[in-house]
Every structure is written in structure tokens, then in C-alpha cells.
Novice: 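Okay, handing you the structure first.
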Amino acid sequence: MIPAAFDYVRAESADEAIALLTEHGDEAKLLAGGHSLLPLMKLRLASPTVLIDVGRLEDLRFIRDAGDHIAIGALTRHRDLETSDLLGEAAPLLQHAAGHVGDPQVRHRGTIGGSLAHADPASDLPAVVLALGGTLVANGPNGEREIAIGDFYTGFLESALEPDELLTEIRIPKLTTLGWSFQKFNRRAQDWAIVGVAAVRAEEGSGVGLVNMGSTPLYAAGVVEALNSGADAASAADRAVEGTEAQHDNNATVEYREHLARVLVRRALEESGLA
Amino acid sequence: MKITMTVNGVQHSDEVEPRTLLAYHLRDALGLTGTNIGCDTSSCGACTIHVDGESVKSCTMLAVQADGSTVTTIEGLANGDTLHPMQRCFQENHGLQCGYCTPGMVMAAVSLLEENPDPTEREVRLGLEGNLCRCTGYHNIVQSVLACAAENNGGAA
Ligand SMILES: Cc1cc2nc3c(=O)[nH]c(=O)nc-3n(C[C@H](O)[C@H](O)[C@H](O)COP(=O)(O)OP(=O)(O)OC[C@H]3O[C@@H](n4cnc5c(N)ncnc54)[C@H](O)[C@@H]3O)c2cc1C
Ligand code: FES
Ligand code: FES
């Protein structure tokens with residue numbers, strides 16, 4: 001399977017990538033690791049006429065301690081996250097979940113920025129960043145802006161990023177973590193989750209994100225509200241499907257997904273000692 | 001677009017269409033047909049090669065993305081007639097039947113041991129989760145990799 005023809009440009013800097021996006025408009029797509037975009041292009045579900053390769057922007061590949069948060073460059077690969085001791089200390093949930101994205105070959109290419117920007121409800125890292133309350137940094141022709149992860153997802157494969165914006169950095173608050181859990185339920189080892197749950201318990205509060213329970217990655221607000229008012233794991237988990245819109249597909253019916261969400265949230269809360 | 005890469009120690013410069021996938025470039029332009037294409041949808045791992053020392057699925061990478069890189073395919077592992085230890089361990093442990101998945105399995109396994117030289121059986125299974133085999137039931141593949149690791153670490157094969 002061969003993608004439709006396109007022009008290929010390699011951006012040598014973030015500024016050049018933004019200038020190219022501005023120049024080519026809607027016809028262009030950024031290419032990071034290519035592990036979401038290329039499969040779509042091979043199936044001709046996406047046919048951009050210009051690909052702007054940002055895969056070599058080494059200065060957007062970092063994991064740094066920035067005081068009250070961990071700063072992660074958008075081009076940081078899943079493999080870099082998985083093997084980062086700094087992340088293991090400061091955000092073990094993210095480090096662990098990154099090691100469960102796809103398979104080793106996928107993790108050698110795929111990036112956190114691509115994962116978040118792609119806005120696939122079935123992806124793991126958006127739910128993790130939702131649970132952790134991360135902030136995304138976008139750069140465009142008008143400069144830099146911050147977007148709270150809670151405001152980022154606007155629809156199926158749609159985000160608050162403007163077509164001429166580049167995601168440059170992901171900021172993960174440094175929490176005093178008391179417990180965490182990542183539950184991923186799938187049929188084949190390397191697959192996306194049929195349903196997944198990311199949960200964190202910290203001195204600063206609790207967070208729970210849901211994978212594949214609607215048209216966007218979701219924050220389990222009902223569960224967190226229940227926890228904040230002192231509910232135990234089982235009764236908080238009863239609220240797992242509040243605000244979700246699970247879809248039916250080859251892997252699961254809506255009912256089965258909802259059942260999984262309750263069970264996996266309960267397991268996640270128990271494992272992270274949330275209740 | 002003109003790209004240059006070192007493949008199995010030999011430098012190649014070629015004109016490619018940007019949409020050419022690396023797997024096709026290696027097979028069709030460079031004649032390195034050891035890299036198999038199984039699913040062509042990023043799932044089976046048959047097309048696994050190393051780019052700058054790490055395993056990747058070459059059906060999910062553009063040839064232009066590998067411009068300037070060092071690529072190793074299954075053809076680049078053996079030293080003349082001497083098999084790479086991983087190839088020999090697959091042979092000795094009956095780690096293959098039809099052989100279709102084998103180039104990708106071996107490449108994934110070599111990359112796995114680079115990253116984790118002394119894996120447990122479970123770590124080998126997880127490390128090969130991106131590679132599907134329709135014949136062996138995986139058992140002997142896992143044995144092959146464990147044997148190779150043991151040998152590398154000075155233990156009995
Ligand atoms: C076999 C396989 C299994 C997988 N399994 C999983 C899984 O279990 N869980 C999971 O979460 N994911 C999975 N993935 C997806 C994988 O994690 C992708 O790597 C990731 O979703 C996208 O990252 P990328 O760098 O490859 O992005 P690309 O494919 O390059 O880009 C994806 C989209 O994001 C845009 N984009 C990329 N970078 C930026 C940026 N910096 N700023 C703005 N826009 C940007 C692109 O324009 C494109 O629209 C799997 C992929 C494969 C092929
Ligand atoms: S052919 Fe590339 S993963 Fe199957
Ligand atoms: S040996 Fe036949 S597919 Fe693996």
C-alpha cells in the first residue's frame with residue numbers, strides 16, 4: 001500500500017516548520033514519528049499534498065526538570081519516555097504507560113507530541129496527560145501559547161491546535177505521587193486499548209483519564225468528584241461512564257465497553273490506593 | 001528527492017519519490033529482499049530492520065525519513081558464511097518453520113538484546129510483541145532469544 005503522492009519538506013527548525021505550515025495551509029501535515037499518519041496515508045484515509053517532516057528537530061527532544069513541572073519536548077519518542085529515570089521519579093504513570101504503547105518498533109519512532117496532537121480517543125498518552133493535569137505548549141505565527149489538556153480535545157481526531165501551530169512542549173506538574181495505576185485492556189499484545197484507564201493519587205489531588213470511551217480522550221470527572229467527596233473505590237468506579245459516549249466496533253459493544261470502564265476504574269483506584 | 005544512506009555497511013545514494021516506503025526501497029531499489037512484507041499495515045513486524053541501531057517497521061517509514069541514517073537489514077547480520085549468533089540460535093533452537101516472520105523476528109530480537117542484554121522469558125515475549133508468527137507458536141523463538149542472551153552473557157547456550 002502506497003500513500004498518494006505528496007511533496008516532502010524537512011523542517012530544520014521549529015520556526016521553519018511554522019513558516020511552512022503558514023505557507024501551505026490546510027494541504028500540509030506535520031510528520032513526526034509517522035506512526036499514526038503514515039498508516040492513514042497508506043490506506044488513503046489521509047492524503048495531504050505536503051508533508052512537513054519535523055522528525056529531526058532534536059531541540060524538541062528532551063525531558064527536563066523545570067522546577068514545578070517536568071518539561072517534555074514534543075518530539076520525544078515513547079522509547080525515551082519509557083527509559084527516562086527522571087520521568088520514573090516525577091511521573092511514573094507516564095513512564096509506565098509509554099512503555100505500553102504499541103510495541104518496541106512503534107516506540108522507537110512514535111512521539112508524545114504526535115500521540116497527543118493526533119487526538120485519537122484510543123491512544124494511551126492523552127488519557128495519562130489528562131489524569132496528570134498536563135499543559136501543552138503550542139507555537140504558531142503569533143507566538144507561543146499554553147493550552148490546558150482539559151481544553152485540548154475538541155472532537156474525534158480534533159484538537160484546539162490551529163492548522164498553523166506546532167506542539168512544542170508538554171508540561172507535567174510535579175506531583176507528590178502517593179499511588180498510580182495504568183489499566184489497558186486489549187485482545188492482542190501490541191494493540192490499542194479496547195478500554196484503558198490512567199489514574200493517579202497525589203497529595204495535590206486525584207486524576208483519572210479514560211481511553212477509548214468516546215470520540216475524544218476523556219477525563220473521568222464523575223469518578224474524581226466521588227473520590228473528592230470521600231467515596232470508596234467501588235462507588236467511585238460506579239460513576240466511570242458518566243459523560244462518556246462509548247462506541248461500538250469489532251472489539252466491543254457499547255455495553256461491554258461501559259462494563260470494562262467500571263471494572264478497570266475500580267481496579268485502577270484499588271491499585272493506586274485511591275480509595 | 002535524492003537520499004543517501006548506509007545500508008549493511010555500503011553507502012547508497014538514490015533518487016526516490018517521497019512516498020516510497022523504506023521497505024519497498026530496500027527490496028525494489030536495493031534488491032534486499034530479505035526484508036519481508038507481511039501485513040503492510042504496521043502489525044506483523046516481518047519488515048523489521050534497524051535504523052541507527054534500533055528496530056523499526058520499515059513498512060511504516062518513508063525512505064526519505066531514513067536519509068542520512070545507518071540501516072541494517074537481515075542480509076547485514078552475518079559475517080560472510082558465519083551466521084550472526086542470533087541467526088545461529090534460531091537455527092539451533094528450531095526458532096523457525098516457514099521462515100516468513102524470521103528476518104523480522106531476528107532483527108527485533110537483536111534490537112531487544114541491545115536494550116536488555118539479560119531478559120527474562122516474559123521480557124522476551126513482550127519485546128517481540130510487535131512480531132507475529134503463524135507457525136511456531138512462539139515457544140522456540142523465545143528459547144532461541146534466551147539461548148542467545150545466555151551465550152552473550154557467557155553462560156551455557
Ligand atoms: C502498530 C501500531 C500500534 C500502536 N499502538 C498504540 C497503542 O497501543 N497506544 C497508543 O497510544 N498509540 C499506539 N500507536 C500510535 C503511536 O503511539 C503513534 O506513534 C502516535 O499516536 C503518533 O505519534 P507520531 O510521532 O508517530 O505522529 P505522526 O504519525 O507523525 O503524526 C500524527 C498526527 O499528529 C500531528 N503531529 C505530530 N507531531 C505534531 C506536533 N509536534 N505538533 C502538531 N501536530 C503534530 C501530525 O500532523 C499528524 O496529524 C500505534 C501505532 C502503530 C503503528
Ligand atoms: S509488513 Fe510491516 S509490520 Fe507487517
Ligand atoms: S515461521 Fe512461519 S510465520 Fe513464523
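Letters A, B, ... are given to chains in the order of the sequence lines, protein chains preceding strands, and every chain is numbered from 1. Values below: every heavy atom of this structure, side chains too, minus hydrogens, waters and symmetry copies.
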Novice: Any idea which of Ala4(A), Gly102(A), Ala5(A), Gly55(A) has the most non-hydrogen atom pairs under 4.5 angstrom with chain B?
Specialist: Ala5(A)
Novice: Could you please state which residues from residues 30-45 of chain A sit under 4.5 angstrom from chain B, measuring non-hydrogen atom to non-hydrogen atom, sorted by number, or 'none'?
Specialist: Leu31(A), Ala32(A), Gly33(A), Gly34(A), His35(A), Leu38(A), Pro39(A), Lys42(A), Arg44(A)
Novice: What parts of residues 6-14 of chain A touch chain B if we use heavy atoms and a cut-off under 4.5 Å?
Specialist: Phe6(A), Tyr8(A), Arg10(A)
Novice: If you compare all heavy atoms of Pro104(A) against all heavy atoms of Glu129(B), which two are closest, and at what distance to 0.1 Å?
Specialist: CD-CG, 4.1 Å
Novice: Ser55(B) and side chain to side chain donor-acceptor pair (under 3.5 Å): which partner among Arg107(A), His108(A), Arg109(A), Gln105(A)?
Specialist: His108(A)
Novice: Using 0.5 Å steps for rounding, measure from the CG atom of Leu126(B) to the NE2 atom of His100(A).
Specialist: 7.0 Å
Novice: With a 4.5 angstrom heavy-atom cut-off, could you sort out which part of Thr60(B) is near chain A: side chain, backbone, both or neither?
Specialist: both
Novice: Between Glu17(B), Met1(B), Lys57(B), Arg125(B), which has the largest tally of heavy atom pairs under 4.5 Å with chain A?
Specialist: Lys57(B)
Novice: Tabulate below the donor-acceptor pairs under 3.5 Å that side-chain atoms of residues 140-148 of chain B make, not counting sequence neighbours, or state none.
Specialist:
unit_1	atom_1	unit_2	atom_2	d
Asn140(B)	ND2	His94(B)	O	3.3
Ser144(B)	OG	Asn140(B)	O	2.6

Novice: Heavy atoms under 4.5 Å from chain B: which residues of residues 76-97 of chain A carry them?
Specialist: Arg77(A), Arg79(A)
Novice: Tell me, out of Ser43(B), Ala108(B), Ser111(B), who's got the most heavy-atom pairs with chain A below 4.5 Å.
Specialist: Ser43(B)
Novice: Is there a side-chain contact between Asp53(A) and Val64(B) in this structure, where contact means two heavy atoms from C-beta onward sitting under 4.5 Å apart?
Specialist: no
Novice: Other residues, nucleotides and ligands only: do more than 12 of their heavy atoms fall within 6.0 Å of CG on Asp26(A)?
Specialist: no
Novice: Let me confirm one number: the OG1-CD1 distance from Thr20(B) to Ile2(A), rounded to the nearest 0.5 Å.
Specialist: 7.0 Å
Novice: Are any of the side-chain heavy atoms of Asp67(B) and Arg56(A) separated by less than 4.5 Å?
Specialist: yes
